[in-house]
Amino acid sequence: MISVQEAVNIIQSNLAKPEIIEVSFKEAVGKVLAEPISADRDFPPFDRVMMDGIAINYDRYNSGQSMFNVEATQLAGAPRLTLRQADNCLEVMTGAMLPKGVDTVIRYEDVTIVGNKAVVNDIEIFKGQNIHNQGQDIEKDHIIIKPSTLITPAEIGVITTVGKEKVKVYKPLKFAIISTGDELVPVEDEPKEYQIRQSNSHVFKSSLDQIGMDAQVFHIVDDKETLKGRIKDILEEFDALILSGGVSKGKSDFVPEVLEELGVTKHFHRVAQRPGKPFWFGTVKNKSVFALPGNPVSTFLCFNKYILPWLRKSYRLEEKIQLAQLEEDFSFKPDLTYFLQVKVNNEKGMLKATPVKGQGSGDLANLVLADGFIELPPDKYDFKAGELFPLIPYRRLD
Ligand SMILES: Nc1nc2c(c(=O)[nH]1)N[C@H]1C(S)=C(S)[C@@H](COP(=O)(O)OP(=O)(O)OC[C@H]3O[C@@H](n4cnc5c(N)ncnc54)[C@H](O)[C@@H]3O)O[C@H]1N2
Ligand code: MOO
Ligand SMILES: [Mg+2]
C-alpha cells in the first residue's frame, strides 16, 4: 500500500498530452489557451474621449477664457476632426477620437451651452482630463494573455478585441466513464429492493462537462468476460478511463484483474487513505486508467483529490493549495490519511472548516451538507481546533 503523496506523484508523472486545436472564439470559453494573445494595436488604439461634452485647448482656458464657440461635433465611429480655431471648442462624444488641436474634455454637466456658445462652469479643470490616452493600458505587440490560461468571458473580451476569430486551445480529452455493478439501475428506473440507482457516473460526467471535457458514460455488469470485452473496445477509443466499483476484495470485483489482462500496466492498487483505500491506477499507451472504489464518497474524494489536479496539470493550469483551519478537535486512529468532510466558512479570508460527520463512504447525502474535505496526515491521531490542513474544496467558497 502506498501513501497519498506517492499516489499523487505517480499519477502526476503520467500526465495526458492534449492536442492543440483551433476553435472559434465562440466555442472557446472553458477551454485552455494554447497560444499567447498579444495586442494587435495599442489599447486604446487612439486617444479616446471618456465623457460626452466639449473638448478645448487647455492653454486657452488657463489664460482666462471660459466661453468657447462650438465649431463642430466629433462623434464616436467618425474620422478624426481638427479644431480650426484655437479659441473654439468641439463637442465630443464618449468613444470618439480626440480631435486634433484639443487636449482637454469637459463634461456636459460642467458647461452651459446656449446656442453655439459653451461656457465652462466655475469648477476646477485639469489639463488632459477625461481622455484615455492611446496605449495607456497596453502597447501594441505586448502579450495580454499567456498560454495555459483558462478562457473565461473576461478573456473573450480581449480575444475578440484583438481580432482573433480563431484561437489555439488544448483539445478536451475524451473520457470514458464506466460504472460497474449488477445492483445499479438507470436513474429513470424504479429499483427493486436489492438494487440502487446509479449515481457515480453522473457525478463524474457533470464535473467533466463543467470543465469542458468530453465524457461518455457506460455501464457494465459484474461479469468478467463482458467487462473484458467492453473495456477492450473502450480503451481503443478514449483518451482516459474512469471506472467506479469492482476494485475491492468481493467475489464480483473483477476490475483490477481485467485491466491487467488487457495490458494496462498497474502503477498501484490501494492507497493508505480513508475513504478510497482500494483505489487502483494504471496506464496503457499514455492513457490513464483510474479505477475508483465504488462507494460514492470514496469515488468523489478520489475524483477531486487525484483526477482533477492531474487534469489541471495535464492542461498546464496552475494548482493552488488552500489551507483551512479546523474548528473542532477531531481524532482518527488508523494509520491512514483521513479525508474529513467539512463545511467551510470564509471568515475575513481565513477558511474555517467544521467537520460534517456522516455515516462513512456510502453516505452520499452527506456530501451535499459539506463543501470539501480536509486532508489529515497519517502520522497523528489527534487533530486540534486551530490547526491548518490542506483543503480539497468541491464548491466555490465565497
Ligand atoms: N473485505 C473487504 N471488503 C471491502 C474492503 C476491504 O478492504 N476488504 N474495502 C471496502 C472499501 S474501503 C470500499 S470503498 C469498497 C470498494 O468497493 P468496490 O470498489 O469493489 O465497489 P463495489 O463493491 O462495486 O461497490 C461498493 C459500494 O458502492 C456502490 N456503488 C458502486 N458503484 C456505484 C455507482 N456507480 N453509483 C452508486 N453507487 C455505486 C455499490 O452499490 C456498493 O454499495 O469495498 C469495501 N469492501
Ligand atoms: O474507501 Mo472505503 O470508502 O474507505 O469505504
Ligand atoms: Mg466490491
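Just so you know, ligand 1 is whichever comes first in the structure, and atom 1 is the first atom listed for that ligand. Computed from a prediction, not measured in an experiment: that's the story for all the values here.
Between Phe300 and Phe373, the ring planes lie tilted relative to each other; the angle falls in the 30° to 60° range.
Taking only nitrogen or oxygen atoms, main chain and side chain alike, Ser248 reaches within less than 3.5 Å of ligand 1. Between Ser298 and ligand 1, no pair of N/O atoms sits closer than 3.5 Å.
Within the 4.5 Å cutoff, no side-chain heavy atoms of Gln341 are placed close to those of Lys357.
More than 12 heavy atoms of other shown residues, nucleotides or ligands fall within 6.0 angstrom of atom CD in Glu188. Heavy-atom contacts from other residues, nucleotides or ligands closer than 6.0 Å to CG of Asp122 number 12 or fewer.
Tyr338 and Phe330 have their aromatic ring centers within a separation under 6.0 angstrom. Aromatic pair Phe204/Phe303: ring centres closer than 6.0 Å. Taking the six-membered ring for Trp and the full ring otherwise, Trp280 and Phe290 have centroids separated by 6.0 Å or more. Ring pair Tyr61/Phe68: centre-to-centre distance not below 6.0 Å. Aromatic ring centres of Phe279 and Phe268 lie closer together than 6.0 Å.
The protein atom (non-hydrogen) at minimum distance from atom 23 (O) of ligand 1 is Asp253 OD1, 3.6 Å. If you check which protein heavy atom lies closest to atom 29 (C) of ligand 1, you get Gly294 O, 3.8 Å. Summary of contacts: the protein heavy atom closest to atom 42 (C) of ligand 1 is Glu183 OE2, 3.9 Å. With hydrogens left out, the protein atom closest to atom 37 (C) of ligand 1 is Ser199 OG, 3.4 Å, a heavy atom. The protein heavy-atom contact nearest to atom 8 (N) of ligand 1 is Lys249 CD, 3.8 Å. Here the heavy atom of the protein found nearest to atom 12 (S) of ligand 1 is Pro278 CD, 3.8 Å. When hydrogens are left out, the protein atom nearest atom 32 (N) of ligand 1 is Asn200 ND2, 3.5 Å; that is the closest non-hydrogen contact. The protein heavy atom nearest to atom 3 (O) of ligand 2 is Ser298 OG, 2.1 Å. Looking at atom 4 (O) of ligand 2, its nearest protein heavy atom turns out to be Pro275 CA, 3.4 Å. For atom 13 (C) of ligand 1, the closest non-hydrogen atom of the protein is Asn295 ND2, 3.6 Å.
Between Lys26 and Glu165 there is no salt bridge, since no side-chain N of the basic residue sits under 4.0 Å from a carboxylate O of the acidic one.
Short contacts between ligand 2 and Gly276, defined as distances under 4.0 Å to a heavy atom of the residue, involve ligand atoms 1 (O), 2 (Mo), 3 (O), 4 (O). Listed by atom number, the atoms of ligand 2 under 4.0 Å from Lys277 heavy atoms are 1 (O). Using a 4.0 Å cut-off to heavy atoms of Arg274, the atoms of ligand 2 that qualify are 4 (O). Atom numbering of ligand 1 starts at 1 in the shown order; those under 4.0 Å from a heavy atom of Ser244 are 35 (N). Set against the non-hydrogen atoms of Ser361, the atoms of ligand 2 under 4.0 Å away are 2 (Mo), 3 (O), 5 (O).
A donor-acceptor contact under 3.5 angstrom links the side chains of His267 and Thr283, judged on distance only. A donor-acceptor contact under 3.5 angstrom links the side chains of Thr94 and Asp52, judged on distance only. Asp182 and Ser252 are not linked by any side-chain donor-acceptor pair at a separation below 3.5 angstrom, with hydrogens and angles left out of the test.
At least one heavy atom of Pro278 sits closer than 4.0 Å to an atom of ligand 2. Not a single heavy atom of Gly362 sits under 4.0 Å from any atom of ligand 1.
Using a 4.0 Å cut-off between heavy atoms, Pro293 makes no contact with ligand 2 at all. The side chain of Ser179, and not its backbone, has at least one atom closer than 4.0 Å to an atom of ligand 1 (non-hydrogen atoms only; side chain from C-beta on). Heavy atoms of Ile196 found under 4.0 angstrom from ligand 1 belong exclusively to the side chain. Only side-chain heavy atoms of Leu184 come within less than 4.0 Å of ligand 1; its backbone N, CA, C and O stay farther off.
Remark: Lys174 qualifies as a cation-pi partner of Phe238 under the 6.0 Å distance and 45° angle criteria applied to the six-membered ring.
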